[in-house]
Amino acid sequence: ETGVTQSPTHLIKTRGQQVTLRCSSQSGHNTVSWYQQALGQGPQFIFQYYREEENGRGNFPPRFSGLQFPNYSSELNVNALELDDSALYLCASSSSVFRGKTQYFGPGTRLLVL
Amino acid sequence: QQQVKQSPQSLIVQKGGIPIINCAYENTAFDYFPWYQQFPGKGPALLIAIRPDVSEKKEGRFTISFNKSAKQFSLHIMDSQPGDSATYFCAASWTEGGGADGLTFGKGTHLIIQP
């Protein structure tokens with residue numbers, strides 16, 4: 001059984017650019033959630049995808065968007081990057097969207113915005 | 001409120017001691033409370049989780065105590081080892097009308113176990 005994988009591991013962008021981060025969910029999992037973890041803070045929920053649709057969203061602006069594909073992999077897109085978007089972006093997969101099923105995290109993508 | 005408050009921010013314990021990390025929540029709709037361990041440069045890894053219908057859960061050296069009336073829960077690590085040195089996060093979630101169950105995390109506790 002393969003775990004959650006994310007790519008790339010590190011990324012450097014400049015303010016105003018756009019970025020796409022990728023996530024492959026754990027085998028058998030159909031739900032993907034994305035989190036932003038600023039340095040020294042706990043992860044913050046961005047949104048969740050289930051059956052290729054956004055199923056719920058945290059307090060993040062519309063320039064954060066995503067996709068889920070038929071194989072349950074997912075992308076996080078961030079437009080018009082700001083300096084405060086510098087963070088570790090974590091993807092987590094789970095087997096169901098209902099009742100707090102266990103979420104398994106990938107290693108994250110470290111994004112630096114200059 | 002979706003907030004989860006975690007304390008202490010940092011903790012130093014001697015090997016073999018029992019570090020205790022505490023969390024408090026406000027949203028009574030929360031129905032799932034996991035603890036995650038994170039090492040530098042890694043993603044969070046699930047340690048143990050509890051639901052509000054039980055007051056205690058043990059898995060190996062890790063124990064969660066849950067007090068529903070006080071809206072508090074805590075993590076105890078028995079016979080702590082230097083390899084347990086990491087950042088620990090409590091979290092909580094609820095299912096919004098059958099929809100998303102995004103986790104709300106505490107700010108983390110940086111734990112150091114001294115040899």
Side-chain angles (χ1 to χ4, degrees), chain A residues 3-7 9-10 21 23-26 29-51 53-60 64 66 68 87-110, chain B residues 1-7 9-10 21 23-25 27 29-54 57 59 64 66 73 86-110:
Chain A
V4 179
T5 60
Q6 293 186 243
S7 62
T9 55
H10 295 82
L21 310 181
C23 169
S24 291
S25 60
Q26 185 167 315
H29 288 182
N30 58 6
T31 302
V32 173
S33 304
W34 285 92
Y35 294 81
Q36 181 195 66
Q37 186 177 21
L39 201 60
Q41 301 294 316
Q44 284 196 294
F45 175 64
I46 302 174
F47 45 54
Q48 186 174 83
Y49 274 81
Y50 174 63
R51 291 184 175 178
E53 292 189 358
E54 186 180 297
N55 190 56
R57 189 177 189 93
N59 190 27
F60 280 81
F64 286 79
Q68 187 181 32
L88 180 68
Y89 287 85
L90 295 161
C91 167
S93 73
S94 52
S95 63
S96 171
V97 72
F98 298 110
R99 296 215 64 231
K101 297 296 182 184
T102 301
Q103 295 188 24
Y104 296 91
F105 284 82
T109 294
R110 176 76 62 185
Chain B
Q1 281 288 347
Q2 294 281 329
Q3 196 174 16
V4 175
K5 295 181 179 179
Q6 183 172 347
S7 64
Q9 185 175 1
S10 62
I21 304 170
C23 284
Y25 63 96
N27 187 347
F30 284 145
D31 61 1
Y32 175 70
F33 303 88
W35 284 89
Y36 283 85
Q37 178 191 58
Q38 187 175 31
F39 293 104
K42 304 290 186 183
L46 178 70
L47 277 176
I48 185 172
I50 197 168
R51 298 196 186 276
D53 50 347
V54 298
K57 183 175 181 180
E59 284 187 6
I64 298 180
F66 187 85
F73 58 110
T87 300
Y88 292 80
F89 293 96
C90 63
S93 74
W94 63 293
T95 303
E96 299 180 31
D101 54 358
L103 292 165
T104 299
F105 282 83
K107 292 190 174 183
T109 296
H110 183 51

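Labels below follow one simple rule: chain letters A, B, ... track the order of the sequence lines, proteins then strands, and each chain is numbered from 1. All values reported here derive from a predicted model rather than from experimental measurement.
- In plain terms, the two heavy atoms of A:Leu90 and B:Gly43 that are nearest each other are CD2-CA, 4.0 Å.
- Proximity to chain A (any heavy atom under 4.5 Å) is shown, for B:Pro44, by both the backbone and the side chain.
- With chain B as partner, the option from A:Gln37, A:Arg110, A:Glu54 having the largest number of non-hydrogen pairs under 4.5 angstrom is A:Gln37.
- Across B:Leu103, B:Thr87, B:Leu46, the residue that shares the most heavy-atom pairs under 4.5 angstrom with chain A is B:Leu103.
- Of the atoms belonging to A:Leu88, it is side-chain heavy atoms, and not backbone ones, that fall under 4.5 Å from chain B.
- Around CG of B:Asp53, the count of heavy atoms belonging to other residues, nucleotides or ligands within 6.0 Å exceeds 12.
- Within the 4.5 angstrom heavy-atom criterion, only side-chain atoms of A:Tyr35, from C-beta onward, approach chain B.
- Contact of the B:Tyr36 side chain with the A:Gln103 side chain is registered, since non-hydrogen atoms from C-beta on lie closer than 4.5 Å.
- For the set A:Gly42, A:Pro43, A:Pro107, A:Ser33, the count of heavy-atom pairs under 4.5 angstrom toward chain B peaks at A:Pro43.
- The neighbour count for A:Gln44 CD, taken as heavy atoms of other residues, nucleotides or ligands under 6.0 Å away, does not exceed 12.
- Within the 4.5 angstrom heavy-atom criterion, atoms from both the backbone and the side chain of B:Lys107 approach chain A.
- Proximity to chain A (any heavy atom under 4.5 Å) is shown, for B:Gln9, by neither the backbone nor the side chain.
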